[in-house]
Amino acid sequence: TGRLYQFKLVLLGESAVGKSSLVLRFVKDQFDDYRESTIGAAFLTQTIGLDNNTTVKFEIWDTAGQERYKSLAPMYYRNANCAVVVYDITQASSLEKAKSWVKELQRQADPNIVIALAGNKSDLSARRVIDTEEAKAYADDTGLLFFETSAKTATNVNELFTSIARKMPLD
Ligand code: GDP
Ligand code: MG
């Protein structure tokens with residue numbers, strides 16, 4: 001018994017913010033200080049059990065952040081049901097880049113797409129340049145879920161994906 005729902009999830013964000021690391025943490029509960037950067041995109045799946053016998057399976061497309069792959073992104077977000085847009089709390093430019101991805105999603109992706117903003121590398125608090133409150137205010141104004149995460153320590157990684165699962169239309 002129980003119901004299974006499948007959703008396509010895409011990760012977007014500047015290169016080196018930790019997209020692949022968040023996926024590796026979520027899917028395998030591992031972290032790697034010397035990850036090779038993603039070429040094109042990688043595909044993984046992970047399931048989350050919610051209450052009342054409901055299982056959500058995410059089909060995850062982890063895209064490469066490099067400019068030269070930018071033209072491929074629409075292929076991944078076009079059919080996506082949800083997106084995680086990632087920035088690095090130690091890199092100011094990465095939040096600007098995240099905002100531009102959010103705008104692009106809001107113009108070009110499915111109008112019902114669920115978008116989460118993730119401020120990653122929260123373990124590097126000594127090098128923080130992006131205020132939690134500033135990012136949270138932007139996320140609230142824009143209708144995004146918001147978490148500060150650390151793929152390294154696993155802080156808020158399951159919470160991020162679980163809150164997306166809970167926000168998906170399950171009917
Ligand atoms: P991507 O290009 O966005 O996929 O980024 P990667 O996942 O390849 O990570 C880029 C670099 O940041 C790697 O050296 C990771 O080990 C490191 N990294 C990723 N997430 C974290 C984190 O939460 N904390 C710290 N300290 N480093 C991280
Ligand atoms: Mg990557």
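Atoms within a ligand are numbered from 1 in the order they appear, just like the ligands themselves. Since this is a predicted model, take the numbers as computed values, not measurements.
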**Request:** Just say parallel, tilted or perpendicular for the rings of W101 and Y77, cut-offs at 30° and 60°.
**Result:** perpendicular
**Asked** Which ligand 1 atoms, with their elements, are less than 4.0 angstrom from a heavy-atom of S21?
**Response** 6 (P), 7 (O), 9 (O), 15 (C), 19 (C), 20 (N)
**Asked** Is the Mg ion (ligand 2) less than 2.8 Å from at least one N/O/S atom of T63?
**Response** no
**Request:** May I ask whether D32 places a heavy atom under 4.0 Å from ligand 1?
**Result:** yes
**Message:** If the test is side chain to side chain donor-acceptor pair (under 3.5 Å), which one of K136, R128, K121 qualifies with E148?
**Reply:** R128
**Asked** If we only count N/O pairs under 3.5 Å, is Y34 in contact with ligand 1?
**Response** no
**Prompt:** Is ligand 1 under 4.0 Å from a heavy atom in the side chain of D62, in the backbone, in both, or in neither?
**Reply:** neither
**Request:** Look at atom NZ of K28 and say whether more than 12 heavy atoms of other residues, nucleotides or ligands are closer to it than 6.0 Å.
**Result:** no
**For atom 2 (O) of ligand 1, the option (of A154, S150, A16) bearing the nearest heavy atom** = A16
**Request:** Assign the ring pair F26 / F161 to parallel, tilted or perpendicular, where the plane angle (0 to 90°) is split at 30° and 60°.
**Result:** parallel
**Request:** Check each heavy atom of T149 against ligand 1 and say whether those closer than 4.0 Å belong to the side chain, the backbone, both or neither.
**Result:** neither
**Request:** Just go through N156, D123, T155 and tell me whose heavy atom is the nearest to atom 25 (C) of ligand 1.
**Result:** D123
**Item:** ligand 1 atoms in contact with L124 (distance to a heavy atom under 4.0 Å)
**Value:** 26 (N)
**Message:** Going by the closest heavy atom to atom 17 (C) of ligand 1, which one wins out of R25, K19, K121?
**Reply:** K121
**Asked** Would you find more than 12 non-hydrogen atoms of other residues, nucleotides or ligands less than 6.0 Å from K8 atom NZ?
**Response** no
**Item:** Non-hydrogen side-chain atoms of S21 and K152 separated by less than 4.5 Å
**Value:** no
